[in-house]
Structures are given as C-alpha cells and as structure tokens.
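Structure first, then comments.
Order of the sequence lines sets the chain letters (A, B, ...), proteins ahead of strands, with each chain counted from 1.
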Amino acid sequence: MTEVVATNQTILVVGAGISGITAAVEAAETGKNVVLVEKRAYMGGRISQLYKYFPKLCFPSCGLEINQRRLSAQGGITVLTMAEVSGVTGAEGDYTATVKISPRYVNENCTACGACADAVEAEFDNDHNYGMDKHKGAYLPYNMAKPERFVIDPRIIGTEDAEKAKAACKYDAIDLDMQEETVEFKAGAIIWATGWTPYDANKIQPYGYDRYDNVITSVEFERMMDKFGPTGGKILRPGDGKEAKDIAFIQCAGSRDRNHLKHCSRICCMASLKQSTYITEQYGAEDEDAKGTIYYIDIRSIDRFEDFYRKVQNDPKISFVKSKVANIIVDKENNPVVKGVDTEGYHRYETKHDLVVLAVGMEPNVTKESFPVEIAINEHGFIEADEANGGIFAAGCASDALDVNRAVQSATAAALRAVQVVNKVAGAEG
Amino acid sequence: MANYDKKLGAYICSGCGIGDRLDVSQLETTAKRDGKAANCKTHDFLCSKAGVEMIQKDIDDGEVNHVIIGGCSRRSKIEAFRFPEAAVTRANLREGCIWIRPDNDEAQETTQEMADDLIRMACAESKYMNIPTASGEQELNKTLLVVGGGITGMTTALESAKAGYNVVLVEKAAELGGWMAQLHKRTPNKMPYAAPQDTGIDATIAAVNDHANITVHLNTTVSKTEGAPGRFKVELAVESGSASTVDVGAIVQASGFNMFDPANVPAMNHDKSADIVTNMELEALANAAGDGPIKRPSDGKQVSSVIFIQNVGQNSEEEGHLPYHSGIGDMVSIKQAMYFKHLNGDCDTTILFDNLRTPGAAGEDFYRAGQDAMVTFRKGIASEVVAGGDLEVKFKDMILDEEFTESADLVVLDVGMVPNSGPDPYAADNLPKDEDGNPIEEENAVSVESILNLDYRQGTDLPHLRHGFTDSHFICFPYETRRTGIYSAGPVRRPMDIHQTMEDAAGAAMKAIQALENAGKGRAAHPRSGDLSYPLFRKEGCTQCKRCTVECPFGAINEDEKGFPVFNESRCRRCGTCMGACPVRVISFDNYSVDTVGQQIKNVDIPDEFDEKPRILVLACENDAYPALDMAGQNGIEYSSFARIIPVRCLGSVNTIWLTDALNSGYDGIVLMGCSKGDEYQCHFVKGSEMAHYRMGKIADTLQTLSLEEERVATYEVAITDIQRAPKLINDMAETIEQIGMSPFKF
Amino acid sequence: MSLNTAMVEKYRNNFLQEVAGNVEEGDWVKMCMQCGVCAGSCPLGNAWEHTPQKLFMMIRANKRDEVLTSDSMWMCTSCYNCIVRCPRELPITHIMHGLATYAKKLGLAPQSNPTQWFSETFWNNMMKKGRVNELKLGLSLYFKDGFVSGIKESIAHQKLGMNMMKAKRMAPMEIMGGHGVKDLSGLQKMIKKAQDIEAERLEANSK
C-alpha cells in the first residue's frame with residue numbers, strides 16, 4: 001500500500017515534466033514538503049523525448065540529470081508515478097486530493113538489472129518513441145528513466161510472459177498481484193503542470209499523415225535523432241528505411257487554424273529552425289543532396305532567438321518559403337510532393353522531398369471537461385490565472401503554449417504562489 | 001571542519017550479477033587490507049530493506065561513520081543509500097565494471113582488477129573526506145532587496161511580501177511605475193484577448209506603498225553592495241546626498257530597459273518631423289488625447305491615417321542597430337492601432353511587419369482582434385520615411401513584390417528594448433586583443449552606470465550574456481546568474497512583455513527567497529543544491545597568486561587587503577574551480593579535495609611495465625560525461641578495463657597535480673572529459689570546463705619535463721548523450737598507448 | 001455621377017472599407033493572414049492571374065482598378081476547397097463571387113471574359129421563363145463564337161445529346177420557347193424588387 005505523508009502545508013504538483021519537476025524542486029529546496037504525481041511510469045515528460053533544445057542545441061537530458069539528482073537529493077519530495085489525480089475537494093490551504101495509482105507490477109526492490117526484460121517475449125508499441133519501435137513486455141522506458149525501475153506492461157498480465165518475468169527476477173521485485181489503488185491526502189496548494197500533447201496529425205487531411213509513410217511529425221523527427229531511439233540516430237524514411245536528405249518542414253501543422261487549433265503554439269518555428277540544423281549535423285555541410293525547406297506563415301523566433309533564425313537563414317542548405325502548404329501528394333517512388341503557392345510574389349510550387357516533417361501544434365493535455373476541479377480555462381484549453389482558482393496554480397504548458405525556458409519561468413513563479421499559500425497556512429497554524 | 005574518528009565500513013553487494021562475475025570475497029579482502037575498512041560486509045541484495053538496515057545498524061551502533069558501497073553507480077539507488085549522518089562513497093562495480101566488460105574467462109582477470117581498484121579508490125576517497133557541516137558563518141536574513149520600481153520590481157516586492165518576507169524596494173526615479181506608468185493601455189492578459197486593457201498600475205503602486213512589509217526608497221540608487229547571500233550589506237544613496245545601509249538576504253535586480261534611439265536608423269527621420277514618433281512617444285499622445293481623438297504633434301490636426309513601421313533597427317546586423325528583437329513590438333502596435341480605432345473613428349491604420357510576432361494563445365487572438373477592428377496588416381519592409389507636410393513612407397510590399405509610397409498623418413516607429421544592466425564585468429574579455437593580448441578599448445565607448453556597485457573582485461554588476469542581457473543561457477535553469485543570491489528579472493534579463501515580466505518577477509522572487517533560506521542553513525545553491533561543504537583554506541601556504549579569485553566562475557572570492565582570498569561561502573557554488581586553480585593546493589572541501597581525488601589516483605594498483613596492463617586515468621564531469629559512461633554500461637557498451645574513472649564536480653576543479661602525480665606514478669594515459677565550452681557552453685559552472693581546457697593546454701610542458709609523449713593526455717568536450725563516444729575516447733587512448741608503449745614511470 | 005465614381009469619392013482610397021461595406025462577405029477580407037493555402041488549393045489556380053489571397057492583399061493596398069477589372073475572381077468554379085482549408089474560415093468562394101458581382105455592377109468587369117459572358121447568358125436565359133432552358137443555354141454556348149464553330153461543337157457533342165434525350169434529360173421541343181414557371185411576371189417583379197433594393201443600398205452606400 002502506498003503511503004503519502006502530507007499535510008495542508010504540503011504542495012501537490014500534478015505532472016512531472018520539466019514544469020512539474022521545476023516547481024517541485026524549487027519548492028522543496030525552499031524547505032517545503034511536496035508530492036509529485038506523474039501519469040507515466042517515469043518522470044521527464046516531453047523533454048525526455050527531445051533530442052536537443054533550441055537555441056543552444058544542447059541536450060535536454062543534461063538538465064534532466066541535474067534535476068533528477070536535485071529531486072532525489074531532497075528528502076521533501078514524494079514521487080508517485082503511474083498516478084493520476086482523480087478528485088480534489090476543499091479550498092485554498094485545505095485541499096484533499098484523491099490519486100489513483102495504476103499497478104506497475106514492479107516494486108521498489110527492482111535493481112534495474114534487466115533480467116525480466118531478457119525473459120519475456122511479447123513486444124508492444126513503444127510510446128516513448130511514438131510507436132516507431134517496440135518495447136518488451138517488461139521494460140525500462142528509456143536510459144535515464146526515473147524511478148529507475150522496470151515496468152510490466154499490463155497486457156502481459158495473465159500470460160506466460162508475466163510468469164517468466166517473475167521467475168527471472170532474483171529480487172522479488174515483480175508482484176503480479178499488484179492492484180490499482182487509490183490514495184487520499186492533504187495539500188495546501190496545488191500546481192497543475194500537466195503539459196501538452198502533440199496535435200493529432202491524422203486530422204490534417206490534406207497533409208496525408210494518415211496515409212503517407214514519409215510524412216512524419218516533428219516529435220517523431222526528434223526521436224529519430226536519438227542514438228538510442230527507434231532509428232539509432234539516423235534520419236530514415238519510414239516508408240523504405242532509406243536515408244532522407246531533402247527534408248521539408250511544414251509550419252502551423254494544426255496551429256493558427258480554425259479547423260484545428262486556433263492558437264499559435266509558439267514553439268514550432270524555433271523547433272523547425274532547430275531541426276533544420278539536424279540535416280547538416282547528420283550529413284555534413286559538404287553533402288549537396290542534404291537540404292531543408294521551411295514552409296511558414298510567419299517565423300516567430302522572438303526576442304533573443306532571432307540570432308538563431310539569422311544563423312539558419314544564412315545556412316545555404318536551408319530555404320524558406322512563405323506559404324501554408326495546400327496539400328501533399330506522393331509520386332511513384334512514394335516521395336512526398338508538397339504543393340502550394342509562395343505568397344511572396346506569387347510563385348506556384350510542386351516540390352518533391354524525401355521526407356516531410358509536420359511541425360505539429362501543442363494541445364493542452366487535460367481537457368476542460370476532465371479537470372477534477374472547477375478552474376478558469378480559456379477557449380484554447382489553457383488555464384488562466386484567476387482569483388477564483390484559489391490555491392490552484394498552473395505551471396508550464398498547462399497555462400499557455402510555452403517553450404522550455406518559459407515553462408521553467410512559469411513553474412518557478414507557480415512554486416512561489418504555492419509557497420505563499422502554505423506559508424500562510426503555516427503562519428495561521430503557528 | 002569536522003573533527004572525529006573515521007570508522008570505515010565497506011559494504012559489497014553481490015547482486016545484479018556482481019557476485020557471478022567477480023570474486024566478492026577478494027573485494028572484501030581488498031577493502032580490509034588495502035582500503036583499511038575495519039568493517040566489511042557482503043550482501044546479496046544490498047539495496048533491499050534488509051541490506052540498508054544492516055548498514056544503518058552499524059551506523060547507529062557507532063561502528064561505522066564512513067560508508068563505502070560497492071555495487072551500482074552513485075547515480076543508482078540514491079534514495080536507498082542515503083545516510084545523512086554518514087559520509088557515503090560508491091564503488092561503481094555494476095555500471096562501471098561488470099556491465100562494460102565482456103562476460104568471458106579471458107576478460108575475467110582484468111575485470112576483477114578493475115573492481116579491486118574501484119574498491120581501493122572508494123576507500124581512499126572515504127578515508128580522506130570529512131562529513132561536511134555548515135560553517136556557522138551563515139545567517140538567516142528574511143529581507144530582500146529589489147532594485148527597480150517598475151512593474152517587474154513592484155511585482156517582485158508584492159509576491160515576496162505575500163510569501164511572508166520583507167522587501168526593500170529601491171527606485172532611481174521620484175516615482176514608482178517605470179515605463180508601465182507611461183502607457184495609455186496595456187496589451188490584454190485576460191480572455192478573450194480582444195482589446196487593450198487598463199494598466200492597473202495605480203493600484204499596484206498603492207499596494208506596494210501600503211504594504212507593511214515593503215519599504216520604498218525613491219530617488220535612490222545602490223552605491224555599494226558587499227557581503228554574500230544571507231548577509232548582504234547594501235548602501236543606499238539618495239539623490240539629496242544622504243546615505244543609509246540595509247542588511248538583506250538576497251537581491252533581485254529589476255532595472256528594466258531603455259528604448260532604442262531611432263536616430264541610429266537615419267532613414268526613419270525621427271528627428272526631422274514631430275509627426276514621426278516612437279511607440280513610447282505615441283503612448284504619451286494617446287494619454288494627452290484623453291477620450292478625444294489623437295492629434296498629431298506638429299499642428300494638432302486629428303490623425304486620420306497612421307502607419308506603424310515594425311522592427312526599426314531590430315534584428316539587424318547593421319551598425320548601431322539591435323541584433324536581437326524585442327519580440328513584443330507587433331503586439332504593441334496592434335494595441336496602439338486599436339487606440340486610433342477607438343478614439344479617431346475611421347482612421348486608416350496600417351502595420352508594416354515582416355514576420356508577425358503574436359505568439360501563443362493570447363497573441364493569435366489579439367492579432368485576429370486587430371484585423372477585426374480593420375487594422376490593415378501588410379508584410380512590408382520600410383526603407384524611408386519622408387518628412388514634410390504630409391509624411392510619406394516608402395516600403396516594399398513583400399506579398400505584392402512591389403515598391404509603394406503611402407502617405408500618412410503620423411508614423412509610429414516600433415523601436416526595441418535595450419537592457420539597463422550596468423557594466424559587464426567581463427566586457428574586456430570580449431574585446432579584440434592587441435598583440436600582447438591586451439584588450440583594445442572601443443573608440444567612443446560609453447561608460448555605463450553601475451546598478452549594484454558590487455564590492456566584488458570580479459566587477460560591479462551581473463555578467464551579461466549577450467547583447468547586454470543578464471540571462472543565464474541555461475534553458476533548464478533560466479534564473480541562475482553568475483552571482484549567487486542575486487537574480488535578475490524582467491526585460492533586463494531578456495526582452496519580454498508585461499505578462500511575462502510579471503511571471504518572471506514571481507520566479508525571481510522564488511529563487512531569491514530560496515537563496516536566502518539556504519544561505520541561512522549553509523546549503524549550496526544550484527546545481528549542488530543542499531551541499532553543506534564550502535571552501536576550506538590553508539592561509540599559511542597561500543602565495544597570494546590570485547588565480548582562485550580571478551578564475552572563480554561566480555566571482556565569489558574577494559581579496560583582503562593583503563591579497564589573500566576571502567571565500568564568502570554562501571556566494572560559492574562548490575564547483576571546485578578554485579581548488580583546481582590553486583598551484584599550492586591550499587583550497588579544499590570537506591567532501592572533495594586534492595586528497596580525496598589524489599589518493600584515489602595513488603591507490604590504484606599499477607602493474608609492472610612488462611605485464612602489458614596499462615592504466616588510464618579518466619576524470620569525468622559528474623553531470624555529463626560520468627552519466628554517459630554509466631549509460632554505456634547500461635547498454636552493454638564495452639570499454640577498456642584499464643580505465644580508472646573518477647567523477648569530478650567540474651573539469652574546472654581538476655588540479656594539475658593530479659595529472660603530474662598520475663604520470664609520475666606510472667599511469668600510461670589520462671583522459672579528461674568536461675562539458676561543452678565557448679559561446680554555447682553547457683558547463684553548469686559556466687566557465688569550469690573552459691578553465692580546464694585552458695590549463696590542460698599547458699600540460700604539454702609537464703609532459704616534456706617528464707619526457708613523455710603529448711598524446712598521453714587528452715581533453716575532450718563530452719555531452720551526456722555521448723554514450724557511445726565516451727567509451728570510444730577511452731578505447732582510443734588504450735590504442736594510443738598500445739602504439740606509443742607503456743609509461744616508463746612504473747616502479 | 002456614376003456609381004463607380006461615387007464609390008471612389010466616398011471611400012477616398014480606402015478600398016478595404018469599400019469592399020467590407022459593399023461586397024458580399026467582403027467584411028471577411030480583413031481577416032486574411034496571407035498564408036496562401038487558398039491559392040495552393042485552387043484546382044484551377046494556374047488560370048488565375050491573381051490568387052484569392054493576393055487579391056485580398058491588393059484590396060488592402062488600394063489596387064482598386066486592378067482588382068475590379070481583373071478576371072481572376074471570375075475563374076472561381078465554386079469547388080469550396082479554399083473555404084474548407086482556410087485557417088481563418090474566410091468564405092473565399094463567396095467573396096470571389098461577391099467581388100465579381102460588385103465589379104459588374106460598377107461596370108468594371110472585363111467584357112471579354114467568357115465566364116462573365118456565360119453568367120450573363122445564363123441570367124438572361126433564366127429570366128425569360130423563370131427557369132433555365134438547358135437546350136437553349138447549351139446551344140447559345142456552342143454558337144458563342146459564330147455559326148461555323150457552333151455547328152462543329154454541336155456535331156462533336158451529338159452523341160451526348162442523343163443520350164440525354166434518351167434518358168429524358170433533354171427535351172428537343174424546348175427549342176420552341178420552352179416552359180416557364182407558373183407566375184412568371186410575379187417572379188420577374190420579385191427579382192426586380194430585389195435588384196432595386198440592392199441598387200438603392202449601393203446608391204445609399206455611395207453617399
């Protein structure tokens with residue numbers, strides 16, 4: 001049975017992506033007690049699935065390593081994974097949260113030795129890699145997964161594989177009888193850091209993501225670059241496994257569009273500018289076949305990021321076309337052909353590329369209807385700052401479409417607002 | 001420094017295959033015999049409840065106060081092996097030994113040797129370290145200093161006060177409010193993001209003035225800041241000449257920005273006509289209009305057509321222009337165009353933009369609202385404003401691919417924000433150098449007034465990142481400045497709008513509060529948060545060479561009147577760069593010192609030259625290279641069993657004595673792995689890796705003195721993702737040694 | 001003063017306002033963000049001198065004559081691809097027809113444009129009997145460029161015509177005048193009234 005020690009001076013943080021981790025760590029390092037609830041089996045959220053950050057082109061795992069160390073170095077943070085907040089009652093300074101914890105079938109005895117994974121046969125689509133490869137029925141989600149504990153896929157429960165996994169474990173870490181449980185605990189303030197989900201590209205009919213192999217999303221492209229990802233760090237066409245060298249990036253795939261997401265997702269311009277540098281990284285500056293084309297409406301590389309935009313503009317391998325692509329067809333070789341009109345001076349194009357990357361928009365993870373508590377949400381699904389929210393504060397992409405830097409800024413601010421509430425409670429309680 | 005009898009206990013785990021692959025009883029013998037661990041135990045599942053209880057019992061019984069864990073990596077099972085009352089070291093037998101070696105008879109011998117050495121190293125480290133305790137120098141001071149009384153500073157003050165802290169708010173001008181007080185309206189921050197909103201600044205000013213925990217000093221500047229987090233002494237100078245001193249725990253610099261001078265873009269002819277105004281000047285016109293129409297300054301005529309020129313002098317490589325973009329100008333111009341729509345009836349308003357920067361949910365909503373209000377948006381690049389009775393704007397319409405000249409009653413120039421950040425302590429580093437390496441001063445360089453007047457060895461103000469902004473350049477840790485306990489917020493940090501600035505203010509307040517709380521407990525700030533160790537200094541050995549005071553990436557170390565370093569522990573980030581810099585090795589930390597690493601190096605068993613078993617010393621940054629090597633193990637990527645890997649806090653902490661000692665004692669090669677340096681540095685201690693590379697550039701002399709080949713020492717920038725490359729670099733060194741032969745220094 | 005001149009005077013070179021005030025769905029033009037998806041989505045795009053998105057930009061740039069005398073919007077075949085894809089949901093098809101109609105009313109529509117000629121022919125044909133006489137309309141289309149080419153066209157389409165007759169989709173006797181709606185004069189009055197109201201509205205708008 002999971003035990004959670006919490007009082008109404010505890011801060012509940014929902015979501016352990018970069019925003020949730022930041023809010024938790026900043027509050028804990030100020031001496032506060034924190035419960036961090038994460039839906040996935042591991043922390044890190046979307047950034048654990050990114051290859052590089054813009055504009056430094058550094059690695060998200062670098063900061064995550066430090067954050068995860070800070071998190072476990074603090075005694076004050078209780079982390080619940082595979083857990084979801086199903087109910088919140090009470091008011092500012094005195095909430096009661098109900099959290100549903102799904103069975104992992106692996107307890108804290110797990111040493112991450114990997115024997116269970118060797119023993120099982122069944123394989124399933126790997127969500128960490130957006131289904132581009134498979135993981136075993138017993139698996140560690142990725143190299144840096146924390147908690148560093150394997151997960152048994154519930155789909156092998158009741159099969160021979162489950163027994164094999166259990167038999168292979170020398171540490172009595174596999175408990176096939178583990179049940180879903182519900183815990184209830186107190187919290188003075190709640191930080192909602194539930195993040196975002198990539199817009200479903202299947203819905204953008206003219207771009208054919210649902211029917212063309214060589215049209216992929218920007219988040220999938222990130223996974224390809226990871227040397228431990230589904231393609232071993234190579235840019236390969238899903239259709240035929242060939243190297244893709246001539247790559248198109250389509251901006252506003254689902255964003256700024258009343259048929260999809262009305263809002264601008266803010267990060268996609270910078271993300272595509274960043275991804276365009278992967279081409280040279282992969283093939284070198286000398287390879288003349290390697291090139292990128294960015295189809296855009298407006299490049300929103302605001303403030304300091306303009307440096308980066310200029311750098312990409314000056315790269316002879318990358319060209320810019322001011323146009324929202326009208327549609328994509330494929331030729332006989334299954335190459336995507338991008339069609340539309342360059343609006344700067346009116347030029348029609350029908351251009352063949354090896355691979356098309358859709359810069360998909362950001363959709364808030366939690367829909368208005370599924371919030372366990374009354375809260376101010378705007379028409380785009382983001383939480384608005386509002387007095388009526390009481391002791392509940394949004395952090396990161398639950399509050400707006402934000403890049404990592406701004407998500408951390410927002411999470412640090414949210415941590416303070418939660419600290420204000422619990423300090424007030426502490427003051428009242430003496 | 002702690003003074004106690006060290007009782008070493010070595011606990012060796014035989015689980016996870018360690019017992020199958022290694023002779024664990026031999027490891028125990030090694031720990032006893034070579035490691036001098038009085039208490040040695042083996043457990044087949046050390047991280048289990050029973051295993052941990054076994055260790056805890058020995059600690060509780062007073063048998064052991066220094067725990068050596070031989071098992072998985074220090075990055076694994078952190079929670080299980082957390083014994084706050086003991087010193088804990090780890091011998092990485094799993095990720096760093098059995099997982100990186102093939103499981104066959106041939107490899108068995110060298111793998112066992114590796115493991116034995118890892119045990120010796122961990123014991124040696126343990127023997128030479130102390131359990132860190134806070135120095136007692138620290139103080140808890142729950143007052144913050146906020147410099148700047150604009151919206152950023154006021155928000156910082158209010159948010160901090162709301163959390164129960166006291167604030168001293170200093171404003172240079174005679175009134176609070178800053179630029180925001182000059183605005184007619186602000187861009188909306190509430191749904192439906194459709195119309196300009198009242199700024200609400202008067203209410204904010206009143207709230208600040210009325211708050212019992214906030215003291216406001218107007219007409220005041222900071223004339224001197226000395227001390228450290230928890231005990232800053234700040235001298236405040238009032239315009240009238242009087243001065244006072246306040247004691248504060250942490251500081252937030254919210255000194256804001258100035259507007260770019262459009263005179264730097266002569267084609268805009270800002271000085272040629274009163275009807276060519278900047279965006280900020282337009283706010284004044286709108287305020288002057290009251291509820292009536294906006295009138296043009298030259299003749300008071302009601303404006304019936306206005307053209308906004310976006311990005312004037314922004315995002316431009318031309319001289320005198322801003323190489324960055326404020327990012328907010330398009331939102332501001334939409335807001336201002338709406339002023340005309342509201343006040344001037346059917347006034348023609350045209351915005352000439354390049355890339356319409358209205359990001360996020362609020363941005364796109366407001367763009368649509370502007371269009372709905374009949375604001376005309378044209379993707380156009382203006383080349384000139386012709387002053388005269390009627391103004392004319394010449395521009396190229398990028399969509400129609402055609403040059404246009406349009407006339408207007410008023411032209412508004414969207415000029416950018418220039419950070420008001422004080423002089424950069426390291427400006428000279430960025431200047432071109434003459435032949436002797438001295439910086440060439442720029443002609444007509446304008447001297448900038450200091451904001452904080454820090455009494456620091458390394459300059460008076462927060463270091464700039466780029467273009468004068470004080471941003472940290474950390475995407476994951478945007479608030480971390482290079483001056484501990486001093487945070488910057490708002491547009492001085494990077495360009496931002498009001499909404500973001502208020503978030504930023506709250507975030508900076510959080511960090512400042514955290515800094516003063518931790519300073520009160522003697523705990524380190526990010527990234528070694530919570531570390532209680534601090535630099536210890538043996539003054540009698542110091543030669544006053546000043547390398548530590550110059551090289552500290554955080555400007556933490558001052559000099560006393562005799563030139564001895566003054567460490568200011570709560571300014572220290574515990575990276576150890578000072579320790580690496582010190583040529584006489586008088587700087588150390590309780591839990592990290594020249595000895596804790598040096599003795600690990602010395603305790604490695606160096607086989608005879610004719611055994612053909614070289615030894616490669618690997619010093620790996622604990623944040624990036626070491627995790628990469630761990631993950632190599634996790635993925636079964638093999639590397640040479642001759643490598644002996646020691647994690648270091650930062651490559652900057654590497655003292656060259658370690659290398660000299662290693663080479664003298666018969667190591668055959670040394671590999672140093674630090675983080676990426678330079679403009680896009682990834683070093684979490686900013687300059688540590690760079691310093692190390694610089695120092696290693698000079699190691700060739702040492703090698704020459706010893707008549708050793710240069711190839712025996714290699715320094716690399718290694719990222720955490722170099723899971724395949726890092727092992728390869730070690731193997732490359734093993735190959736190099738095979739080519740050039742073993743070191744002749746084996747005794 | 002002609003309606004055209006009046007409009008020019010009235011909107012003193014603010015064509016966007018003029019379009020918003022007078023063209024069917026013209027109020028939407030301001031909402032275009034120049035992404036160009038309409039231009040790329042138009043199946044007949046190649047035939048357009050100015051794409052819809054470009055026309056919208058020309059409107060903002062006060063290129064009044066160029067827009068109203070253009071034949072581009074006459075090229076629209078009402079496939080609705082652009083409306084479906086427009087990220088701002090502009091009723092582009094309707095705006096194209098609105099612009100064409102407006103140009104026609106101001107007497108600026110291009111005389112030689114075949115679509116315009118066909119629209120007019122269609123209108124006149126329909127107004128005669130209150131319904132379209134397909135046979136006459138078809139023939140007038142065939143004979144548009146003279147007798148000889150009309151005969152050639154008719155022969156070329158002979159098989160199609162025969163099949164349509166067999167399927168009772170075309171009645172040859174319609175050539176004699178054809179049947180009309182029940183209350184033809186009522187319909188004509190109604191249309192006239194609508195036209196008068198529309199003309200009055202424009203007249204009033206031009207003041």
Inset, instruction - Counting only heavy atoms closer than 4.5 Å, note whether D504(B) contacts chain A via side chain, backbone, both or neither. - result: both
Inset, instruction - Identify which part of D679(B) has an atom lying under 4.5 Å from any heavy atom of chain A, answering side chain, backbone, both or neither. - result: neither
Legend entry - Which atoms of E622(B) approach chain A - backbone, side chain, both or neither, heavy atom under 4.5 Å: both
Inset, instruction - Classify the ring geometry between Y324(B) and F469(B) as parallel (under 30°), tilted (30 to 60°) or perpendicular (over 60°). - result: perpendicular
Legend entry - Structural part of L516(B) lying under 4.5 Å from a heavy atom of chain A: neither
Inset, instruction - Could you look at R368(B) and say if it's the side chain, the backbone, both or neither that has a heavy atom under 4.5 Å from chain A? - result: side chain
Legend entry - Backbone N/O of G329(B) and side chain of Q310(B): donor-acceptor pair under 3.5 Å: yes
Legend entry - Residue part contacting chain A, namely of D365(B), when any heavy atom lies under 4.5 Å: side chain
Legend entry - Heavy-atom contact with chain A under 4.5 Å, split by part of M502(B): backbone
Inset, instruction - Check each atom of E503(B) against the heavy atoms of chain A and say whether the ones under 4.5 Å are side chain, backbone, both or neither. - result: both
Inset, instruction - Verify the distance criterion only: is there a donor paired with an acceptor across the side chains of E517(B) and Y165(B) at less than 3.5 Å? - result: yes
Inset, instruction - Go through the side-chain N and O atoms of T358(B) and R300(A) and say whether any donor and acceptor fall under 3.5 Å apart. - result: yes
Legend entry - Per-residue contact mode, S76(B) against chain A (heavy atom under 4.5 angstrom): both
Inset, instruction - Check each atom of I78(B) against the heavy atoms of chain A and say whether the ones under 4.5 Å are side chain, backbone, both or neither. - result: side chain
Inset, instruction - Could you tell me which portion of E364(B) (side chain, backbone, both or neither) has an atom closer than 4.5 angstrom to a non-hydrogen atom of chain A? - result: side chain
Legend entry - H684(B) versus chain A, the contacting section by heavy-atom distance below 4.5 Å: side chain
